[in-house]
*Asks:* 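Mind having a look at this structure? Questions to follow.
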Amino acid sequence: MAASPYKKREPNIREQVYGMLRQDIALGKIGFDVRLVDNEIAASLNVSRMPVREALLQLKNEGMLDSTSRGFVLKVYTPQDIEDIFSVRLLLEPSAARSACQNQSALGLQAMEHAVTRIEATHRQGDPLDNIQANWSFRSAWINMVPNKQLVDTMERLHDRADQARIACLQDEDFRLGTLQRAQGICQAFQQRQPDQAAALIQDNLLICSAAYCIKQAQLLA
């Protein structure tokens, strides 16, 4: 059988470096004291400098990094910045969840259920990095059922703006438990095809996280 002309292409070097750096930032592996220099990263990865430079510039354009006289550093978001970002997310994500619930698929629901199981397991293990990845999987599962892809792209750009505070919060057992319980409630609303309930629970989750992240970010910057 002939190969499909629509086979998904492999990511190029710039895309691979971008994905690696974005994940490391989100997982807290790159702190505020780390300076990202293109030629140093290129040498460590044994790739050319230009795709690394392009990846760093993309992260800067997306609001994750700031440029300095030598390399890039994490952009420092104030508690007010985080509150403002969540204000925008509150305008988008509840209605997106309502739409996703109305357009749900069996595969999407299965992905949500699997992610909830992972959240529970990583909560018990107490590893915030594994827990945050499980929460990402849950968010991705319901967002993948949103039919408006422009809306999805906008929500994705706003998501990685409080990663340091998010990881710090997830080190707290009570906060992880609350995250798990809210994910379980959202999943149940999808399973029962209750779009208004799903929207309300997403809104509640955003409000709780916004308040917690703002407090934690103030402590991190103190």
Side-chain angles (χ1 to χ4, degrees), residues 22 26-27 62-64 77 79-123 128 130-170 172-217:
R22 180 166 181 170
L27 291 176
E62 292 178 357
M64 295 185 190
Y77 284 92
Q80 185 61 56
D81 291 331
I82 293 175
E83 184 178 340
D84 291 344
I85 289 165
F86 270 85
S87 294
V88 178
R89 291 182 63 181
L90 280 162
L91 295 174
L92 302 176
E93 296 190 22
S95 61
R98 181 181 291 107
S99 176
C101 189
Q102 292 168 335
N103 292 274
Q104 64 181 259
S105 65
L107 189 61
L109 284 175
Q110 184 178 20
M112 290 181 72
E113 292 161 0
H114 178 67
V116 169
T117 300
R118 284 186 59 200
I119 293 172
E120 182 174 9
T122 56
H123 161 61
D130 286 345
N131 189 254
I132 197 173
Q133 289 181 314
N135 277 283
W136 281 351
S137 296
F138 179 77
R139 186 173 187 270
S140 295
W142 74 260
I143 283 181
N144 286 339
M145 291 187 284
V146 177
N148 186 333
K149 298 311 174 186
Q150 295 299 321
L151 175 57
V152 170
D153 289 344
T154 301
M155 289 192 299
E156 294 286 32
R157 286 195 295 271
L158 291 171
H159 184 231
D160 299 323
R161 295 294 184 271
D163 294 314
Q164 304 297 324
R166 180 182 292 114
I167 292 170
C169 284
L170 287 171
D172 179 80
E173 183 177 358
D174 290 338
F175 188 84
R176 288 200 310 275
L177 177 59
T179 299
L180 168 62
Q181 291 171 338
R182 292 191 295 276
Q184 289 171 331
I186 293 166
C187 188
Q188 185 178 52
F190 271 78
Q191 290 168 332
Q192 297 175 355
R193 199 178 286 273
Q194 297 177 321
D196 289 341
Q197 178 71 354
L201 291 172
I202 289 290
Q203 176 176 294
D204 288 346
N205 184 57
L206 289 170
L207 289 169
I208 291 169
C209 290
S210 176
Y213 296 169
C214 285
I215 292 171
K216 186 60 68 174
Q217 191 75 352

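If you're wondering where the values come from, they're calculated on a predicted model, not measured in any experiment.
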*Asks:* Side-chain contact test, heavy atoms from C-beta onward, threshold under 4.5 Å: evaluate it for I132 versus R166 and give yes or no.
*Replies:* yes
*Asks:* For E173, I'd like to know if atom CD has over 12 heavy atoms of other residues, nucleotides or ligands within 6.0 Å.
*Replies:*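 Incorrect, the count does not exceed 12.
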*Asks:* Do you know the tightest heavy-atom contact between S137 and A115?
*Replies:* C-CB, 3.8 Å
*Asks:* Look up atom CD1 in I82 and atom NZ in K216, then write down how far apart they are to the nearest 0.5 Å.
*Replies:* 12.0 Å
*Asks:* Taking side chain to side chain donor-acceptor pair (under 3.5 Å) as the definition, give me every residue that meets it alongside S95, ordered by chain and number, with sequence neighbours left out.
*Replies:* none
*Asks:* With a 4.5 Å limit on heavy-atom distance, are the side chains of P94 and R98 in contact?
*Replies:*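 The answer is no, as the side chains (C-beta and beyond) never meet within the 4.5 Å cut-off.
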*Asks:* Any side-chain heavy atom of E93 sitting closer than 4.5 Å to one from R139?
*Replies:* yes
*Asks:* Let's go through W142 and C187 carefully: what are the C-alpha distance in whole Å and the side-chain angles of both, what is the deciding distance for side chain to side chain contact (heavy atoms under 4.5 Å, CB included) to 0.1 Å, and is it a yes or a no?
*Replies:* CA-CA 9 Å; W142 74 260; C187 188; over 6 Å; no
*Asks:* Do N103 and M145 come within less than 4.5 Å of each other through their side chains, counting heavy atoms only?
*Replies:*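 Side-chain contact under 4.5 Å: no.
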*Asks:* Under 4.5 Å between any side-chain heavy atoms of Q104 and M112, yes or no?
*Replies:*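 Contact flag for Q104/M112 side chains = no.
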*Asks:* Give the intermediate values and the outcome of side chain to side chain contact (heavy atoms under 4.5 Å, CB included) for residues Q203 and L90.
*Replies:* CA-CA 6 Å; Q203 176 176 294; L90 280 162; 3.8 Å; yes
*Asks:* Quick one: do Q197 and Q188 satisfy side-chain hydrogen bond (donor to acceptor under 3.5 Å, both in side chains)? Show the steps, please.
*Replies:* CA-CA 9 Å; Q197 178 71 354; Q188 185 178 52; over 6 Å; no
*Asks:* Would you check if F175 and C209 make a side-chain contact, meaning some heavy-atom pair closer than 4.5 Å?
*Replies:*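 The answer is yes; the side chains approach within 4.5 Å.
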*Asks:* If you look only at pairs with a residue in residues 82-106, which of them pass as a ring pair (Phe, Tyr, Trp, His ring centres under 6.0 Å), with sequence neighbours excluded?
*Replies:* F86-Y213
*Asks:* Give me the atom names and distance for the closest heavy-atom approach of C214 to P79.
*Replies:* SG-O, 3.3 Å
*Asks:* Just so I know, are the side chains of R22 and M64 near enough to count as touching, which here means a heavy-atom distance under 4.5 Å?
*Replies:* yes
*Asks:* Evaluate the criterion side chain to side chain contact (heavy atoms under 4.5 Å, CB included) for residue pair L158 and L92; output intermediate values, then yes/no.
*Replies:* CA-CA 10 Å; L158 291 171; L92 302 176; 4.0 Å; yes
*Asks:* Run L107 and Q110 through side chain to side chain contact (heavy atoms under 4.5 Å, CB included) and show every step you take.
*Replies:* CA-CA 5 Å; L107 189 61; Q110 184 178 20; 3.9 Å; yes
*Asks:* Could you verify whether a donor N or O on one side chain and an acceptor N or O on the other, from N131 and R176, lie under 3.5 Å apart?
*Replies:* no
*Asks:* Do T117 and E120 come close enough that some side-chain heavy atom pair is under 4.5 Å?
*Replies:*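 A side-chain contact is absent here, since even the closest heavy-atom pair is not under 4.5 Å.
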